[in-house]
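Remarks on the structure that follows.
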Amino acid sequence: MNHRASPVGPPVGVFGGTFDPIHFGHLRTAFELLQVLRLSEVRFLPAGNPPHRESTVASPELRLQMVQAATRDQPGFIVDDREIRREGLSYSVDTMRTFRADYPDRSLCLIVGMDAFLGLPKWHQWRELLELVHVAVAHRPGWRAPTSGPLGELLVDRGTGRIDDLHEALSGRIFIHAGTQLEISSTEFRKLVAAGRDPRYLMPDAVRDIIQQTGCYRSKR
Ligand code: ATP
């Protein structure tokens, strides 16, 4: 199996999301995992047309622009626009296959928040994912790690607290990161802006500037 082969070089982090918009909850999580897991980079992967979510509020191009603005100054933060460029639905498993093809000898760590991890069994071909990548799960306020059901069993089988395990195999392990938990969500953020409030200090100023200039989250009254 894939996860028994030995990788060359440090793991590559992949952080997918709708990023509608990107905020400090995303950025702090990515930064901590970049450092803690000793990743070579975190590739931010804005979703094009996510199959399991309602359609986004800001356009793909604008969400991409905000991710670029938010990550520009941090070495090791890279924007990956493959899902935005791809036409049609993008299932995570298909996207991870493209990463596996691009990085055949590298360990890959898919970064998700705990809320997203709890929804994993609803993802298309979710068990295949762990043949392609490791999963790094960030705790998020209000969500608990599963102790039973398919994910509880998966954690018993694949869970690890040993970072070297992510460096020594290409895929197949799950690491839970109990780092700084910021209670910021894109949904709450959009409500705040629609109510005419200022999102300052929830995100980099460069992203706030784009939101204010485009009015993309203003309420459509
Ligand atoms: P929404 O409020 O609409 O659910 P979101 O804030 O979760 O949006 P997404 O773009 O859907 O933003 O999230 C992308 C990924 O980042 C998901 O895996 C999610 O769990 C994770 N994430 C989002 N916010 C945080 C946060 N504050 N702390 C840790 N992880 C987060």
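Just so you know, ligand 1 is whichever comes first in the structure, and atom 1 is the first atom listed for that ligand. The structure displayed is predicted, hence computed values, not measured ones.
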Using a strict 4.0 Å cut-off to heavy atoms of [X], name the atoms of ligand 1 that fall inside it.
X    : result
G16  : 14 (C), 15 (C)
V112 : 18 (O)
G17  : 10 (O), 14 (C)
D115 : 19 (C), 20 (O)
S185 : 2 (O), 6 (O)

Polar contacts were defined as any N/O atom of the residue lying under 3.5 Å from an N/O atom of the ligand; does this apply to [X] and ligand 1?
X    : answer
R190 : no
I184 : yes
G113 : yes
F19  : yes
H26  : yes
T18  : yes
L182 : yes
E183 : no
E188 : no

Electrostatic pair [X]:[Y] at N-O distance under 4.0 angstrom:
X    : Y    : answer
R43  : D102 : no
E188 : K191 : yes
R173 : D164 : no
R158 : E131 : yes

| said: Looking at non-hydrogen atoms alone, which of H177, R140, K191 comes nearest to atom 23 (C) of ligand 1? | reply: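 Closest candidate by heavy-atom distance is R140.
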| query | Is the closest heavy atom of F15 to ligand 1 under 4.0 Å? | reply |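 True for this residue.
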| task | Determine, using heavy atoms of P141 and all atoms of ligand 1, whether some pair is separated by less than 4.0 Å. | result |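 It does not, in that no heavy atom of P141 comes within the 4.0 Å cut-off of ligand 1.
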| query | Taking atom CE of M96 and atom CG of L129, what is their separation to the nearest 0.5 Å? | reply |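 Rounded to the nearest 0.5 Å, the CE-CG separation comes out at 7.0 Å.
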| message | Check for me whether R82 meets the cation-pi criterion with F99, that is, NZ or CZ under 6.0 Å from the six-membered ring centre and within 45 degrees of the ring axis. | response |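 Verdict for F99: a cation-pi partner in R82.
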| message | Checking contacts here: is it the side chain or the backbone of T29 that comes within 4.0 Å of ligand 1, counting heavy atoms only? Could be both or neither. | response |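 Only the side chain of T29 comes within reach of ligand 1.
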| query | Listed by chain and number, what are the ring-ring contact (aromatic ring centres under 6.0 Å, His included) partners of H23, not counting sequence neighbours? | reply |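 Partners of H23 by the ring-ring contact (aromatic ring centres under 6.0 Å, His included) criterion, ordered by chain and then number, come out as H26.
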| said: For R197, is the CZ atom crowded, meaning more than 12 foreign heavy atoms sit under 6.0 Å from it? | reply: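 For R197, atom CZ is not crowded (no more than 12 foreign heavy atoms under 6.0 Å).
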| task | Tell me, please, which residues at least two apart from E153 pass salt bridge (Lys or Arg N to Asp or Glu O under 4.0 Å). | result |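 With neighbours one apart ignored, the set is empty.
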| message | Could you check whether S40 and R106, counting side-chain N and O atoms only, form a donor-acceptor pair closer than 3.5 Å? | response |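 Indeed, the side chains of R106 and S40 share at least one donor-acceptor pair under 3.5 Å.
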| said: Main chain of V8, side chain of D105: is a donor-acceptor contact present, judged purely on distance under 3.5 Å? | reply: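 Side chain of D105 to backbone of V8: no pair is present.
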